[in-house]
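See below for the structure under consideration.
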Amino acid sequence: MDEELNVTYVTLAWYLEVNKYRYVYFFIMFTIYILIICSNSAIVYLICIHKNLHEPMYIFIAALLLNCVLYSTIIYPKILIDFLSEKQVMSYSSCLFQFFMFYTVGMSEFILLAAMAYDRYVAICKPLQYQTIMRKTTVSIFLVLAWVAPACHIAVQAIASAETKLCDFNIKGIFCNNAVYTLQCARPRLITVFGLVLLLDLVILPMLFIVFTYTKIFIVSYRSCKEIKKKAAETCLPHLLVLISLTLFFVYDIIIARVESDFPKTARIIMNLQIVLYHPLFNPFIYGLKMRKISKHLKRLLSQAKNLSCIQSEC
């Protein structure tokens with residue numbers, strides 16, 4: 001590769017470690033990808049076709065699970081191609097596009113979880129005003145904000161990175177996350193400053209809002225009857241579990257970008273896998289089992305699929 005190509009292309013260096021078992025890893029990752037697509041899509045499908053799930057809370061859940069599908073599709077196809085390729089390279093512009101889409105979708109989840117927290121706050125603390133406050137317009141505003149705000153923030157980071165000179169062309173990871181910053185000769189002040197703005201706007205403020213609303217919910221629930229306590233536990237616990245999962249995902253991503261270059265490669269790979277494996281499978285598992293209405297429809301769908309399979313086998 002000549003100098004011009006070195007400026008244009010980056011190498012995903014960690015694949016050298018798994019070259020011997022590439023077909024085994026390909027099969028495992030392909031199976032996980034199909035499982036992610038099917039599990040998330042099934043719940044989104046159920047929410048779309050059942051009118052009793054056309055409520056703000058379930059619409060936000062559908063948006064969150066749709067994010068999991070988009071998030072995985074941004075990453076998995078490239079990983080699968082790389083397992084079967086002799087050289088794991090991609091253009092720097094493609095790398096930045098993956099970076100842009102990955103963080104746009106990822107950061108939008110914090111806003112969606114904040115919207116869910118507000119929805120639960122209104123439903124439990126102001127039930128008589130719920131229909132007035134949580135109208136279709138309100139839900140639409142939350143959804144647009146969840147995707148547009150992160151896209152605008154991340155676009156600044158991606159454009160600034162595109163204009164920055166590179167001194168390294170090996171990404172120590174399995175996809176283009178914020179490890180792209182380690183390729184730059186010197187990180188521009190704009191990226192550093194706007195990175196802090198992004199962290200404040202898209203992570204810290206939504207998390208503080210979520211903590212505040214759930215604190216209010218728990219106070220009201222504690223003072224209320226047993227039925228209100230049960231409702232709060234059933235609807236709020238899954239959201240809190242997903243928030244914890246997303247926070248761990250974010251912490252992993254920060255660690256991956258900040259650790260020193262001599263950090264053990266095996267440990268680095270394991271930390272990368274935390275991001276691409278657990279989180280997109282965790283969300284449908286939690287909402288499919290813990291949300292009573294979704295769980296009921298999901299069991300019915302699986303039962304119908306089983307009956308259809310039995311009929312076909314008899315034929």
Side-chain angles (χ1 to χ4, degrees), residues 40 43-44 47 53-71 101-127 129-155 194-221 231-254 275 279-280 282-284 286-287 290-291 294:
N40 284 279
I43 297 178
V44 172
I47 292 172
L53 297 180
H54 292 180
E55 300 174 8
M57 177 176 65
Y58 298 107
I59 292 173
F60 291 136
I61 290 174
L64 198 68
L65 298 182
L66 180 61
N67 267 8
C68 288
V69 173
L70 294 174
Y71 160 85
M101 292 300 298
F102 172 71
Y103 285 108
T104 295
V105 173
M107 294 297 185
S108 70
E109 294 195 19
F110 283 102
I111 299 178
L112 287 172
L113 287 171
M116 291 180 185
Y118 180 70
D119 173 74
R120 293 299 84 202
Y121 168 75
V122 176
I124 294 172
C125 301
K126 300 181 179 181
Q129 303 175 43
Y130 183 81
Q131 296 298 331
T132 303
I133 297 175
M134 296 304 297
R135 296 173 297 174
K136 288 184 178 180
T137 304
T138 307
V139 174
S140 299
I141 290 172
F142 275 125
L143 292 176
V144 171
L145 181 65
W147 285 305
V148 172
C152 293
H153 281 72
I154 304 300
F194 212 80
L196 295 175
V197 173
L198 184 151
L199 183 66
L200 177 65
D201 288 351
L202 302 181
V203 179
I204 295 177
L205 289 180
M207 287 189 68
L208 290 176
F209 178 78
I210 291 169
V211 170
F212 171 77
T213 52
Y214 278 114
T215 300
K216 295 284 288 185
I217 289 171
F218 290 143
I219 291 174
V220 171
S221 301
K231 179 182 177 181
E234 286 181 352
T235 59
C236 295
L237 181 60
H239 302 329
L240 287 175
L241 291 175
V242 171
L243 176 64
I244 293 170
S245 171
L246 182 62
T247 303
L248 291 176
F249 145 80
F250 184 77
V251 170
Y252 277 126
D253 189 65
I254 292 294
I275 295 175
H279 186 66
F282 185 76
N283 286 3
I286 288 296
Y287 288 121
K290 294 296 183 180
M291 303 298 289
I294 294 177

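We number each residue from 1, following the sequence as shown. Quick note: numbers below take in every heavy atom, side chains included, and nothing from hydrogens, waters or symmetry partners.
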Show your reasoning for whether side chain to side chain contact (heavy atoms under 4.5 Å, CB included) applies to Ile59 and Leu143.
-> CA-CA 9 Å; Ile59 292 173; Leu143 292 176; 4.0 Å; yes
If we only count heavy atoms from C-beta on, is the [X] to [Y] side-chain gap below 4.5 Å?
X	Y	answer
Ile61	His239	yes
Tyr130	Asp119	yes
Trp147	Asn67	yes

Could you pull out the closest heavy-atom pair between [X] and [Y], with the gap in Å?
X	Y	value
Val44	Leu65	CG2-CB, 3.8 Å
Asn40	Pro284	OD1-CD, 3.4 Å
Met107	Leu198	CE-CD2, 3.4 Å
Ala149	Ile111	CB-CD1, 4.2 Å
Lys216	Tyr121	CB-CE1, 3.9 Å
Pro206	Phe110	CB-O, 3.8 Å

Once rounded to the nearest 0.5 Å, what's the spacing between atom [atom1] of [X] and atom [atom2] of [Y]?
X	Y	atom1	atom2	answer
Leu113	Leu64	CG	CG	5.5 Å
Met57	Tyr287	CE	OH	9.5 Å
Ile47	Phe60	CD1	CZ	12.0 Å

Worked verdict on Leu200 versus Leu205 for side chain to side chain contact (heavy atoms under 4.5 Å, CB included) | CA-CA 6 Å; Leu200 177 65; Leu205 289 180; 4.1 Å; yes
Carefully, step by step, assess Met116 and Val242 under the rule side chain to side chain contact (heavy atoms under 4.5 Å, CB included).
-> CA-CA 11 Å; Met116 291 180 185; Val242 171; over 6 Å; no
